[in-house]
Amino acid sequence: MMTTTSRPEAHTSTQHMARVSEDAALPTHIDVAGLGEVLLGRWPEARKAARERALDPRLHSNHNLTFEDQRELTFEQVKILRDAGTALVGVPEYLGGSNSPGANVSAFEELVLADPSLQIKSGVQWGLFGSAVLNLGSKEHHLEWLPDILNLNTPGVFAMTEIGHGSDVASIGTTATYLPESDEFEIHTPFKAAWKDYLGNAAVHGKAAVVFAQLIVKGVNHGVHCLYVPIRNDNGEFLPGVGGEDDGRKGGLNGVDNGRLHFTNVRVPRFNLLNKYGAVDENGEYSSPIVSPGRRFFTMIGTLVQGRVSLDGAAVLANQMALSIAVRYAEQRRQFNTDSDIREQTLLDYQQHQRRLIPRIAETYAMIFAHQQLLDKFHEVFSGEDDSDGNRQDLETLAAAFKSMSTWSALDTLQEAREACGGAGFMAKNRIPQLRADLDIYATFEGDNTVLLQLVAKRLLTDYSDEFKNADVGVMARYVADRATEAGFNRSGLRKLTQAFTDTGDARKSVNALRDPEAQRALLMDRVETIIEDVADEMRAVARKSKSEKAEVFNNNQHRLIEAARSHAQLLQWEAFTEGLEKIQDPGTKRVLTWLRDLFGLHLLEENLGWYLAYGRLSMRRGRALESYVNRLIARLRPYALQLVDSFGLSPELLRAEIAGTVEEERQQEADTYFRRLRASGDAPAKEAKPARDPKAETRGHHA
């Protein structure tokens, strides 16, 4: 774990302490090592071991190769992971594993440090292809196929997405029809829009696929199910009836061989149906432990949530990488003389540069703590600690919410870090551009983010409706009265917050009230609840109308629902950050992180200030004062920026970005030494004198 004691550029200068003199007892440091342990989460040893592996140069990306050679390199890297036994951590003991899904995903997320292509390639093999067999199949399926999947004898494809139906999996066109005369299923793609596309391992390496198809038995469509289908022989040639194409070069992740697959009357034995949630017996009779087709579909899809969980964690790590590089560079890079005639100022001393990076540090910490909670819930479900239906639904909702927010945040943070590092940030040797290109697809991997947030919004609407499902007339009457008079708003304490400003007449005192975590939580929650209540009221008004009228009202509220889902995710991140503060033992560290949590919350209010003003949740005067308070909070955190990113534990050797080391500091010291000696020698050239003022010329110019 890195510490800042040996880094001369760590900032605790008198200049910065003067900026935050309103805090009499400022901490002088952060316990970097202790905080770093907290940030590693529940499975620190798995993460540390993965980071140690990520130092191996054999696992590093090489973007100077052709994309064909990149694919072969990545495949060889996956074999190194296989030899290290990483794939066994998450599987049951009877397969030689440790049955620790949380540790497995923790280690997998860290692969983004080595190479995102390696992460995704191995994720396709073990996290999608292997997980489908593990979570949708029976023990007989596990014993039949998983050993060869785990040892890479059978590279595999996760064939769900179709050209015609990306996120709408329930509507895919591929069929799997049971043939009683041969006791087989016939896999068929009846038209080109049903071709499976964007599939990792499909272009070159895949020998088998888990194919999602509409299961048709005795003329009845039982919905989407999954079957194990061999696709290539040992020579790499497609088997009869199987065809495909290479997707070619992509915008990023060119170490992964994405391609298309299609099937023409391909037959597989009845055994190949992964039958945990839907089976066909020897008499051709279909059965399922879940009667409802809709619930069955979402249960099957929910078992594959590991992809979204791990993408969330990988995106959070990408944020840590980008900010570690950008902050270390900004602490060393000097530009312009502002408060000295002989020494330029570091980039991070400028307010706008602080604005660019420090709120994103706060957001990243919030996402780290939120991801820890998501990973805990994932482990509960898939280890069997709490595999209840309710816990599974919560996991699906959290994964959809957090994956959307973190992958968008990663793209935003990587771009801001690139620009904050100027031309140096655009150099491939500093990694940011390639990380940005590789992580671009994460926003639509495992579900387009906008679609995922609609799922979150629907869950919020469902939960809201459930509150009133069994309500009596009195409860409903009180609700209607509350909505008419905003009595709920008054009771929540928000009215008091809004009016406190008027009562005191002092902007600073009223804004300081927002430092209260309960005030922040109330305002963040109110935005979610108000939007959901408004949309629910409109939906309730058409509850007895036609399907098309209901769809129109829902579509007209789609933007508001996505905003509610986004705000809900941010509220959960804020709450996770607040709970995470309880893990911090060192008083100084806890105080700084409390400021960081406050910055996260208040920056969210600032970003949505128009809404809070429009709905009367904040006064105009308080809204104007919010910006200056956020600025003061950022300035207060500025001395700790380097220690906050050092706590991520990402050494220069892991980051592999030249500007994340000391190269810029050495350049600055060389320049400083040169000019100091030049001044001391007396040979420094004199500055050009400003021209003397000519009052007469000024007068003539004025009259002219």
Side-chain angles (χ1 to χ4, degrees), residues 1-7 9-10 30-41 43-57 59-61 106-116 118-119 310 312-332 348 357-358 360-369 371-372 406 409-410 413-414 416-418 420-421 424-425 429-436 438-439 589 593 596 640-665:
M1 188 69 64
M2 288 186 62
T3 67
T4 58
T5 54
S6 62
R7 297 179 64 88
E9 62 272 25
I30 289 176
D31 178 8
V32 172
L35 177 56
E37 286 295 321
V38 171
L39 298 182
L40 288 172
W43 295 275
E45 296 309 317
R47 292 194 182 277
K48 290 176 183 177
R51 292 184 181 186
E52 188 66 30
R53 278 193 295 274
L55 294 172
D56 186 342
L59 299 180
H60 297 169
S61 50
S106 295
F108 171 74
E109 293 164 357
E110 300 286 336
L111 285 174
V112 76
L113 295 168
D115 181 8
L118 172 59
Q119 182 187 51
S310 57
D312 175 49
V316 174
L317 262 166
N319 266 24
Q320 295 176 51
M321 295 169 72
L323 290 167
S324 295
I325 295 168
V327 169
R328 289 172 187 175
Y329 182 70
E331 283 281 29
Q332 300 175 54
L348 204 55
L357 299 179
I358 295 178
R360 287 176 170 83
I361 295 175
E363 180 184 46
T364 299
Y365 268 77
M367 292 193 304
I368 290 171
F369 288 118
H371 180 68
Q372 288 180 0
S406 62
S409 174
T413 300
L414 284 162
E416 196 66 45
R418 207 295 293 156
C421 293
K429 63 184 176 182
N430 290 320
R431 288 198 75 187
I432 297 176
Q434 192 59 52
L435 280 170
R436 176 64 174 75
D438 285 342
L439 267 78
T589 304
L593 284 199
L596 199 65
Y640 309 100
L642 183 62
Q643 295 175 12
L644 286 167
V645 298
D646 277 352
S647 296
F648 296 151
L650 304 180
S651 66
E653 292 76 19
L654 280 172
L655 294 171
R656 305 199 313 279
E658 184 181 78
I659 57 174
T662 59
V663 63
E664 183 61 29
E665 181 72 13

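These numbers come from a predicted model, not from an experiment. In this chain, numbering begins with 1 at the start of the sequence shown.
Counting only heavy atoms from C-beta outward, the side chains of Tyr640 and Ser647 never approach each other to under 4.5 Å. Here the side chains of Arg51 and Glu653 are not in contact, with every heavy-atom distance at 4.5 Å or above.
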(message) Under the criterion side-chain contact (heavy atoms from CB on, under 4.5 Å), I'd like the reasoning laid out for Glu331 against Val645: C-alpha separation, chi angles, the key distance, then a yes or no.
(response) CA-CA 12 Å; Glu331 283 281 29; Val645 298; over 6 Å; no
(request) Test side-chain contact (heavy atoms from CB on, under 4.5 Å) on Asn319 and Arg360 and set out the steps. (result) CA-CA 8 Å; Asn319 266 24; Arg360 287 176 170 83; 6.0 Å; no
(message) Could you go through Val327 and Leu644, starting from their C-alpha distance and side-chain angles, then the distance that decides it, and tell me whether this counts as side-chain contact (heavy atoms from CB on, under 4.5 Å)?
(response) CA-CA 10 Å; Val327 169; Leu644 286 167; over 6 Å; no
(request) Begin with the C-alpha distance, continue with both residues' side-chain angles, and end with the deciding distance and a verdict on side-chain contact (heavy atoms from CB on, under 4.5 Å) for Leu655 and Met321. (result) CA-CA 7 Å; Leu655 294 171; Met321 295 169 72; 4.0 Å; yes
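Ile30 and Gln643 get closest at one heavy-atom pair: N-OE1, 2.7 Å. Residues Ala410 and Ala318 share a closest heavy-atom pair of CB-CB, 4.3 Å. The two residues Ser324 and Phe648 come nearest to each other via the heavy atoms OG-CD1, 3.5 Å. Nearest heavy atom pair, residue Ile325 against residue Ala660, reads CG1-CB, 4.1 Å. Here the shortest heavy-atom pairing between Ala54 and His60 reads O-NE2, 2.8 Å. Across all their heavy atoms, Ser310 and Glu109 have their closest contact at O-CG, 3.6 Å.
Under a 4.0 Å N-O distance rule, the pair Arg328/Glu664 does not qualify as a salt bridge.
Side-chain atoms of Gln372 come within 3.5 Å of backbone N or O of Val38 as a donor-acceptor pair. Listed for the Arg656 side chain is a donor-acceptor partner under 3.5 Å among the backbone atoms of Ala114.
For Phe369, the ring pair (Phe, Tyr, Trp, His ring centres under 6.0 Å) partners at least two apart in sequence or on another chain are Phe577. Residues satisfying the side chain to side chain donor-acceptor pair (under 3.5 Å) test with Ser106, not counting sequence neighbours, are none.
Of the residues Asp31, Leu39, Val32, the one that meets the side-chain contact (heavy atoms from CB on, under 4.5 Å) test with Leu35 is Leu39.
A distance of 6.5 Å separates CG in Leu357 from CG in Leu323, rounded to the nearest 0.5 Å. Atoms CD1 and CG, on Ile659 and Asn430 in that order, are 4.0 Å from each other to the nearest 0.5 Å. Note that the CZ atom of Arg47 and the CG atom of Leu113 stand 10.0 Å from one another [nearest 0.5 Å]. Here the straight-line distance linking atom CD of Glu52 with atom CG of Leu654 works out to 8.5 Å at 0.5 Å rounding. Distance check, rounded to the nearest 0.5 Å: CD of Glu110 to CG of Leu317 gives 4.5 Å. One distance of note links CD of Glu416 with CG of Leu414; it measures 11.0 Å at 0.5 Å rounding.
No donor-acceptor contact under 3.5 angstrom links the side chains of Ser61 and Gln434, judged on distance only. Under 3.5 Å, the side chains of Ser406 and Asp312 contain a donor-acceptor pair of N or O atoms.
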